[in-house]
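I have placed the structure first, in the form of structure tokens, so that the comments after it can refer back to it.
So that the names make sense, note that chain A is the first sequence line, chain B the second, and so on, each numbered from 1.
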Amino acid sequence: MPELPEVETTRRGIEPFLLDQSILAIEVRQPRLRWPVDLPPNLAGSKVINVSRRGKYILITTHVGTLLIHLGMSGSLRVVSPQTPPKLHDHIDIKLTGDHWLRFNDPRRFGSFHFQKGDAHEHWLLKDLGVEPLENEFSGDYLFSSSRRRKVAVKNHIMDGKIVVGVGNIYAAESLFMAKIRPATAAQRVSRLAYENLAQAIRMILARAIKVGGTTLRDFVGSDGQPGYFSQSLNVYGREGQPCRECSSTLKGQILGQRSTVYCPSCQTFSGWR
DNA sequence: CTAAATACCTGATGGC
DNA sequence: TGCCATCAGGTATTTA
């Protein structure tokens with residue numbers, strides 16, 4: 001599923017086919033996504049001037065405004081040749097000059113398309129988002145100071161998009177393993193030093209995943225192939241009951257905030273003070 | 001303000 | 001083999 005690294009990989013993959021091209025038409029075959037898709041007619045005829053990302057949103061900016069695309073859990077964007085017949089769950093086509101169509105597929109329809117005139121960052125979906133984990137504002141200090149009143153598990157804290165964007169269930173579990181922190185620890189009890197380690201771990205893991213992200217979604221124009229680049233580097237996620245790669249202890253599963261998590265009871269010992 | 005629960009959706013998986 | 005229940009997962013929204 002698309003995590004921040006895959007969204008970024010998608011962005012990089014589609015950018016060359018969009019930049020400086022004009023939108024000829026948009027065909028919405030299934031408007032019932034997370035929110036009903038309702039795009040202005042004047043997008044047709046507009047020219048793409050920027051392709052960026054905020055959190056897990058892909059922003060396609062034209063001279064009339066910005067298209068905000070979220071891939072949800074199962075969404076994907078592919079570049080296809082014009083007139084390629086749509087397959088199951090191919091919900092939206094953006095037909096471009098340059099002989100390419102951008103095609104959105106999303107079986108579970110948790111994804112979304114929005115349009116915002118003017119500054120996209122003022123859109124209600126973006127305006128309250130937390131910091132980008134790979135930008136400078138994100139740090140151990142930031143995690144520390146933003147968690148002083150928070151009793152939720154530290155795992156939930158770093159998964160909160162109002163705090164920091166892009167850290168999903170997988171990366172949260174992996175980062176906590178790398179930082180040797182027990183996922184259930186109350187956020188407000190995690191020390192500054194531990195948050196420093198955690199911020200470092202999040203950065204490192206996301207950056208590494210982006211680096212290999214190209215593997216997952218290698219060529220957007222060609223066929224798919226989706227063997228997880230990632231699965232092999234997972235230390236805890238999805239490995240409940242299996243031996244820790246570091247110490248061979250049996251990895252434990254737990255439910256935190258309705259989300260399953262896995263950790264090593266012997267490596268991840270940090271659980272706050274007292 | 002924080003936090004926990006709920007809703008959205010389909011495909012994969014496990015139990016019988 | 002078929003069918004039903006369960007789970008997965010991001011995040012806005014509702015409820016406490």
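A donor-acceptor pair is defined here as one N or O able to donate and one able to accept, closer than 3.5 Å; such a pair exists between the side chain of A:Ser191 and the backbone of A:Ala194. Judged by distance alone, the side chain of A:Arg239 and the main-chain N or O of A:Leu234 form no donor-acceptor pair under 3.5 Å.
Rounded to an integer number of Å, the gap from CD of A:Gln188 to P of B:dC1 is 17 Å. Distance A:Met73 CE to C:dT11 P: 10 Å, rounded to the nearest Å. Taking atom CG on A:Leu71 and atom P on C:dG10, their separation rounds to 12 Å, with Å as the unit. Between A:Arg148 atom CZ and B:dA3 atom P the separation is 12 Å, expressed in whole Å. Between the C1' atom of C:dT11 and the CD1 atom of A:Ile163 lies a distance of 14 Å, rounded to the nearest Å. Atom CD of A:Gln258 is separated from atom P of C:dT6 by 15 Å (rounded to the nearest Å).
Across all strands shown, A:Leu125 has heavy atoms under 4.0 Å from sugar-phosphate atoms exclusively, and none from any base. If you check every strand for non-hydrogen atoms under 4.0 Å, A:Arg150 touches sugar and phosphate atoms only. At a threshold of 4.0 angstrom between heavy atoms, the contacts of A:Gly161 with the nucleic acid are absent.
Of the listed nucleotides (B:dA3, C:dG10, C:dA12), C:dG10 has the atom at the smallest distance from the side chain of A:Lys56. Between B:dC8, C:dT13, C:dA8, one nucleotide has an atom nearer to the side chain of A:Ser260 than all others, and that is C:dA8. Set against B:dA3, B:dG11, C:dG10, the side chain of A:Pro107 has B:dG11 as its closest nucleotide. Which of B:dT10, C:dG10, C:dT13 sits closest to the side chain of A:Met159 comes down to C:dG10.
Counting all heavy atoms, side chain and backbone alike, A:Asp106 lies closest to A:Leu71 at OD2-O, 4.1 Å.
Note on A:Arg192 versus A:Glu196: no salt bridge recorded, every NZ/NE/NH1/NH2 to OD/OE distance being 4.0 Å or above.
Here A:Lys162 reaches the OP1 or OP2 of C:dA12: one of its side-chain N or O atoms lies under 4.0 Å away. The phosphate of B:dA7 (OP1 or OP2) has no side-chain N or O of A:Arg34 nearer than 4.0 angstrom. Considering only side-chain N and O atoms, A:Tyr57 lies under 4.0 angstrom from the phosphate OP1 or OP2 of C:dA12. Residue A:His89 places none of its side-chain N or O atoms closer than 4.0 Å to OP1 or OP2 of B:dT10.
With A:Tyr57 as the fixed residue, the ring pair (Phe, Tyr, Trp, His ring centres under 6.0 Å) test singles out one of A:His123, A:His121, A:His70, A:His114: A:His70.
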